[in-house]
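Have a look at the structure below, then the notes.
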Amino acid sequence: MAAALAWAAAAGAAEPKVLRYALDASETGFDPMKVNDQYSRIINSHIFEAPYKYDYLARPFKIKPNTAEGMPEVSADFRSWTFHITPGIYFADDPVFKGKKRELVAADYVYTWKRAYDPANKSPVYSTFNEEGVIGVDELRQQAIKTGKPFDYDREVEGVRALDRYTVQFKLAKPRPRFLYTLADQSPFGAVAREVIERYGEQSAEHPVGTGPFRLSFWRRSSLMVLERNPAFREITYDAEPNADDAEGQALLARFKGRRLPMVDRVEVAVIEETQPRMLSFLNNEFDLLFKVPGDLIPVVAPGGILAPGLVRRGMAIQRIVSADITYYFFNMEHPMVGGYTPDKVALRRAFALAYDVDAEIRLVRRGQGVPAQTVVMPGTSGYDPQLKTEGSEYSPARARALLDMFGYVDRDGDGWRDMPDGSPLVLSLATLPDSIYRQFDELLKKNMDAINVRVEFKTAKFPEQLKAGRAGQLMMWSLGNTSSSPDFQESLQLLYGPASGGQNMSRFRLPAFDELYERLQVLSDGPERNAILRQAQALVTAYAPHKYNVHRITSDIAQPWLIGFRRPPFGRQFWQYVDIDDTKRDKR
């Protein structure tokens, strides 16, 4: 706080500029290699820095150097990637550094990459990193697992090396034409300092130290996160490349070009899970941004997608996009009741999917803020086809009942509920969250299941607890949302890739035919051949139904008139440093 105030005073400002908004679910922590929920990754993306970043104004996207000095040097076969770090970039101050400035060097990115493989970290992004095929790193992991000894960070491997103080080279076992997208993900590939991680150990998620524009100054778990401007952040000015026909983007560029970043001094992020308190806080001017307007409030604040006249009179502005995301129910494919690959288990999952009314969810619960999802591929990513129709969006209770009858899921004891083919009770157990919007989802689901005489019960807990149980394979079913951090569809398919089970693949779906297609997709360049293989993979998933796809959400954000420059990033999660607060427009009521 003191540093932020000092900077503001030096800049001639009477008070620090503060960005305030709220998230609708809890974070889990701030060690990039130990978290994978969207909420924590938003915070991490402003603390840690990857070598590359997404241009803030370019649409659909453009990747530019961040800590790197220029774009990477890439071999013709996409198996060698080399980049140079800009000298003079420093980590935020921390007692670990004993009062000395700690420069970002190539070895930090090497160490950061290796951390994903350390068994002690139980990293949920291990599978994401490992599928890149960086030569030699997974051998270190397997050796640590086999011997029970600590992961050997000091052992050099061919696949990721510091060629000199500022040069990092990756060598990959197979071509990876889209490896640049991984190099542009601030979380998890934001650089950490080894001495920080070793000093804080199991508490590393509570002591994030990066080179980014902000640093954590206060954290009350599941309640409030306060971040202040990082005094050690290098001098960077606002610059972007909006499309020529992007009037809003061009206006923002003209207004801010050349301004030093970040433009705000502090960011306060609250966690308010219930929709009404979150909305009321915004209307009472306690927040500058209503980040992701709750769907049940859309008819009041933005009927038909148009901002309500009362909010317009207050000078507020709304932005709406079809997000590069998906919501879905997953089945634990290892669970004895709903898992498995035999026809009877497939029939049960497909019956569930046919019985669930996605249109009713969009109409009644989401208040029109979604479009039906056909497959796991998300809008805005390569391979997404808005014209594609699959059984995944079909609503047919009659077909669901017929499937269940055909495979022996009938009422055997006369209590009105269907039983398993062996006569044992059929009871679906769905993990859920305690807030009101989930109660609406659960009520709709129960109504749909009642209609086909399938009993369902709900297991309620906070998001971090459900996430931990889901990764451990302890849930039968859960509803999740996933937002793409990459313009490529491969990230979506990882939700079903066998080796990613327990990480991104929460359903633990393991199908060799799908995995083979997935691995072929990794090495192909974009084009018709790759899209054709994608369609084969999508067909397999539709047939086996490890997921029930629901919607791609329409996301609406409302900004107060004094919040200037906000645009929701389509892939990168960074926006704090690109916005400004104009207190002359602030409503003082």
Side-chain angles (χ1 to χ4, degrees), residues 23-25 36-39 41-42 273 275 291-298 320-332 349 352-381 384 386 388 390-395 428 430-449 456 458 463 466-467 470 475-485 489 491-496 504-507 509 538 541-542 545-557 568 570:
L23 298 176
D24 61 353
N36 201 36
D37 63 283
Q38 181 71 6
Y39 310 100
R41 293 183 76 173
I42 289 173
E273 296 174 342
T275 60
F291 191 72
K292 196 168 67 172
V293 179
D296 56 341
L297 297 180
I298 283 290
R320 301 175 76 243
I321 63 169
V322 178
S323 297
D325 76 0
I326 193 165
T327 67
Y328 62 100
Y329 289 103
F330 77 78
F331 300 91
N332 181 348
R349 296 192 297 271
F352 174 94
L354 288 164
Y356 186 73
D357 190 348
V358 170
D359 286 337
E361 175 186 315
I362 294 173
R363 187 177 66 257
L364 301 176
V365 184
R366 297 189 181 277
R367 307 303 197 268
Q369 303 306 293
V371 297
Q374 307 296 326
T375 75
V376 73
V377 178
M378 306 178 197
T381 65
Y384 177 73
L388 179 66
T390 71
E391 183 185 281
S393 65
E394 183 180 351
Y395 171 57
L428 301 182
L430 178 73
T432 188
L433 303 184
D435 51 302
S436 60
I437 188 67
Y438 275 84
R439 288 193 288 273
Q440 296 178 56
F441 288 128
D442 297 344
E443 288 169 4
L444 175 61
L445 177 64
K446 187 176 187 309
K447 178 182 177 181
N448 291 161
M449 294 302 104
V456 60
F458 299 96
F463 180 82
Q466 299 287 35
L467 186 63
L475 303 179
M476 181 192 294
M477 300 169 58
W478 191 20
S479 173
L480 281 177
N482 188 274
T483 301
S484 181
S485 61
F489 64 71
E491 182 179 316
S492 301
L493 295 189
Q494 193 185 78
L495 300 176
L496 296 147
Q504 292 287 74
N505 181 356
M506 298 278 280
S507 70
F509 179 64
Q538 290 172 307
V541 175
T542 299
H547 293 166
K548 161 58 181 170
Y549 300 114
N550 297 338
V551 306
H552 305 299
R553 289 169 288 198
I554 295 174
T555 302
S556 299
D557 304 299
R568 177 178 283 267

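Here the closest non-hydrogen pair linking L428 and M449 is CD1-SD, 4.2 Å. Counting all heavy atoms, side chain and backbone alike, L430 lies closest to S479 at CD1-N, 4.2 Å. The two residues A324 and P570 have their closest heavy-atom pair at CB-O, 4.2 Å.
Taking the six-membered ring for Trp and the full ring otherwise, H547 and F509 have centroids separated by 6.0 Å or more. Side-chain rings of W478 and Y328 stay apart, their centers remaining 6.0 Å or farther from each other.
Side-chain N or O atoms of T390 include one that pairs as donor or acceptor with a backbone N or O of Q374 at under 3.5 Å. With Q369 contributing its side chain and I362 its backbone, the two residues share no donor-acceptor pair below 3.5 Å. Within the 3.5 Å criterion, the main-chain N or O of A545 finds a donor-acceptor partner in the side chain of R349. For D557 (side chain) and F291 (main-chain N/O), no donor-acceptor pair under 3.5 Å exists by modelled atom type. When atom types are taken as modelled, the side chain of N448 and the backbone of D357 share a donor-acceptor pair closer than 3.5 angstrom. At distances below 3.5 Å, not a single donor-acceptor pair connects side-chain atoms of D325 with backbone N or O atoms of M378.
The shortest distance between side-chain heavy atoms of Y549 and V376 falls below 4.5 Å. The side-chain heavy atoms of V551 and I326, taken from C-beta on, include no pair separated by under 4.5 Å.
For the atom pair OG1 (T483) and CG (D37), the distance works out to 11.0 Å, reported to the nearest 0.5 Å. Rounding to the nearest 0.5 Å gives a distance of 6.0 Å between CG of L388 and OG1 of T375. L475 CG to M506 CE: the interatomic distance, rounded to the nearest 0.5 Å, is 7.0 Å.
Applying the side chain to side chain donor-acceptor pair (under 3.5 Å) criterion to S484, with sequence neighbours excluded, gives no partner residue. For the ring-ring contact (aromatic ring centres under 6.0 Å, His included) test, residues two or more places apart in sequence or in another chain that qualify with F352 are Y329, F331.
Remark: the S507 side chain and the N505 side chain contain an N/O donor-acceptor pair separated by less than 3.5 Å.
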Could you go through residues 437-445 and list every donor-acceptor pair under 3.5 Å that involves a side-chain atom there, pairing it with any protein atom two or more places apart or in another chain?
from, atom 1, to, atom 2, distance (Å)
R439, NH1, P434, O, 2.7
D442, OD1, T432, OG1, 3.4
D442, OD2, T432, OG1, 2.7

**Q.** Pair L480-T327, side chain to side chain contact (heavy atoms under 4.5 Å, CB included): steps then yes or no
**A.** CA-CA 6 Å; L480 281 177; T327 67; over 6 Å; no
